[in-house]
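Data first, discussion second: the structure below is written as structure tokens.
Note that the structure is a prediction, hence the values are computed from the model and not measured.
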Amino acid sequence: MNAAPPTDPMLPAPWRVRAVRRETADVATLDLVPLAGSVPGFAPGQFNMIYAYGVGEVPVSLSGDPADPTRAVHTVRAVGAVSAAIAGAAPGSVLGLRGPFGSVWPVAAAEGHDLLIVAGGLGLAPLRPAIYRVLAASERFGRIALLYGGRGPAELLFRDELALWGTRADVTVAVTVDHADPSWHGHVGVVPALIGQIGFDPPNTVALLCGPEVMLRFTATALSAAGVAAERIHLSMERNMKCAIGLCGHCQFGPDFVCRDGPVLRYDRLAARLMVREI
């Protein structure tokens, strides 16, 4: 029997939009199913390249439950022509998809440790698969805390799930906004300010961070100052990825290519570069 030809990593396969959920005014979550074949498995932290036919292609993190084999879920913000076309895709329309690609959140390695999951803005989407996996086996971890910040109440993602997670006894959920409105009765301020308000054992803590680069820099610095080892702080980097396999060089970040070596990278590997704004 002849072996099946290898899949071309540069060739997008057609996927149908099964459902769309509007998260905020400019963010949508899409459920995708393949027109042929099965849904490939993925690990928390990985991303796909999504192609809007006739418009272009962008990287989008997987934001669904890795235990669900029936669909691929992506959460995307409309910030340009391509992402707007994807976020505006209607149920039944077809998009191209390549992947999954990239490194993963070290969920298994964090077992037995306290776990801090820190997200800013759209950064909650790439962390959501890790949250699903951790909460499905919370007894394997020490204290678990989710810290999340947004610009305002209307910009917060997955608000129903945040409320549900906040009712659980096995996780501490703290949400903050930069600017409150009259409907908001929670924390106001930046995400790093929440670190001092929760209980955790710094020498025995693993931290997963995703959000704007300035938030990553200040949060990682605050965690280091609190005593969390740099090699136990993991960051998901966002760079302009084009090929997803380390060939084109668009996402080079010092010696690393974010699409191939990341997007999840350890803070001890990134700390010096994060302080240089020109990189």
Under a 3.5 Å distance rule, please check whether W184 uses its side chain to pair with a backbone N or O of H187 as donor and acceptor. yes
Exceeds 12 heavy-atom contacts within 6.0 angstrom, atom CZ of F218: no
Show the nearest heavy-atom pair for residues F200 and A226, with the distance to one decimal. CZ-CB, 4.4 Å
Less than 4.5 Å apart, any side-chain heavy atom of L265 and any of L235? no
Check residues 75-89 and write down every donor-acceptor pair under 3.5 Å in which the side-chain atom is one partner and the other belongs to a residue at least two apart or another chain.
residue, atom, partner, partner atom, Å
T75, OG1, T29, OG1, 2.8
T75, OG1, S63, OG, 2.8
S83, OG, R77, O, 3.3
S83, OG, V79, N, 2.9
S83, OG, G80, N, 3.0
S83, OG, G80, O, 3.4

Donor-acceptor contact below 3.5 Å, side chain T205 vs main chain V228: no
Counting only N and O atoms by type, is there a donor-acceptor contact under 3.5 Å from the side chain of E213 to the main-chain atoms of M215? no
Nearest atoms (heavy-atom pairs only) where R71 meets R18: CD-NH2, 3.2 Å
Between E231 and R269, is there a side-chain N and carboxylate O pair less than 4.0 Å apart? no
Is there a donor-acceptor contact under 3.5 Å from the side chain of R140 to the main chain of A108? no
To the nearest 0.5 Å, how far apart are SG in C259 and NZ in K242? 12.0 Å
Which heavy-atom pair separates V177 from G152 by the least distance, and what is that distance? CG1-C, 3.7 Å
What residue pairs, at least two apart or across chains, pass ring pair (Phe, Tyr, Trp, His ring centres under 6.0 Å) with a residue in residues 46-96? F47-F101, Y51-Y53
Quick one, T70 and V39 - any side-chain contact, counting heavy atoms below 4.5 Å? no
Kindly work out whether a path of hydrophobic side-chain contacts (I/L/V/M/F/W/Y, heavy atoms less than 4.5 Å apart) joins V20 to V55. yes
Side chain proximity check, R159 to E23, heavy atoms < 4.5 angstrom: no
For the OG1 atom of T172 and the CG atom of L147, what is their distance to the nearest 0.5 Å? 9.0 Å
Over 12 foreign heavy atoms within 6.0 Å of CZ, R168: yes
Please report the shortest heavy-atom distance between S138 and I144, naming the atom on each side. CB-CD1, 3.8 Å
Look at the side-chain heavy atoms of Ile, Leu, Val, Met, Phe, Trp and Tyr, link any pair under 4.5 Å apart, and say whether F253 and V264 land in one connected group. no
Mind checking whether L156 and I131 sit in one hydrophobic cluster, side chains of I, L, V, M, F, W, Y counted as touching below 4.5 Å? yes
Quick one: does T24's side chain have a donor or acceptor within less than 3.5 Å of a partner on A154's backbone? no
Keeping the roles fixed (side chain from W105, backbone from A43), state whether a donor-acceptor pair exists under 3.5 Å. no
Just do the side-chain contact (heavy atoms from CB on, under 4.5 Å) check on L122 and L157 with the steps written out, would you? CA-CA 7 Å; L122 193 63; L157 302 183; 3.7 Å; yes
Heavy-atom side-chain proximity of V73 to L30 below 4.5 angstrom: no
Does H234 reach the side chain of P106, with side-chain heavy atoms less than 4.5 Å apart? yes
Just do the side-chain contact (heavy atoms from CB on, under 4.5 Å) check on N204 and R232 with the steps written out, would you? CA-CA 9 Å; N204 190 43; R232 288 187 175 176; 4.3 Å; yes
Distance, nearest 0.5 Å, that separates OG of S224 from CG of D268: 9.5 Å
Between atom OG1 of T167 and atom CG of L162, what is the distance when rounded to the nearest 0.5 Å? 11.5 Å
Side chain R217, main chain L274, donor-acceptor under 3.5 Å: yes
Less than 4.5 Å apart, any side-chain heavy atom of P12 and any of L97? no
Are V107 and F141 close enough that some pair of their side-chain heavy atoms sits under 4.5 Å apart? yes
What are the two closest non-hydrogen atoms of L223 and A207, and how far apart are they? CD1-CB, 3.6 Å
Start with the C-alpha distance between L208 and L115, add both sets of side-chain angles, then the distance that settles side-chain contact (heavy atoms from CB on, under 4.5 Å), and finish with yes or no. CA-CA 8 Å; L208 314 181; L115 182 64; 4.0 Å; yes
Looking only at non-hydrogen atoms, find the nearest pair between N48 and P100 and report the distance. OD1-CA, 3.1 Å
Salt-bridge criterion met for D160 and R21 (N-O under 4.0 Å): yes
Give the C-alpha distance, both sets of side-chain angles, the deciding distance and a yes or no for side-chain contact (heavy atoms from CB on, under 4.5 Å) between M237 and D261. CA-CA 10 Å; M237 301 297 298; D261 303 310; over 6 Å; no
Same apolar cluster: Y132 and V175, side chain cutoff 4.5 Å: yes
Do the side chains of D114 and R143 get close enough for a salt bridge, i.e. N-O under 4.0 angstrom? yes
Tell me whether D181 contacts the main-chain N or O of S183 through its side chain, where contact means a donor paired with an acceptor under 3.5 Å. yes
So do the side chains of V104 and P44 get within less than 4.5 Å of each other, counting heavy atoms only? no
Do I117 and L209 share a hydrophobic cluster (ILVMFWY, side-chain heavy atoms under 4.5 Å, transitive)? no
Could you tell me whether the side chain of Q46 and the main chain of G102 form a donor-acceptor pair under 3.5 Å? yes
R128/E161 salt bridge by N-O under 4.0 Å criterion: yes
Nearest-0.5 Å distance that lies between atom CE in M49 and atom SG in C243: 8.0 Å
For L216, does its backbone N or O pair with a side-chain atom of T219 as donor and acceptor, under 3.5 Å? no
Heavy-atom count around E238 CD within 6.0 Å, excluding the residue itself: above 12? no
Do D65 and R133 meet the salt-bridge criterion of a basic N to acidic O distance under 4.0 Å? no
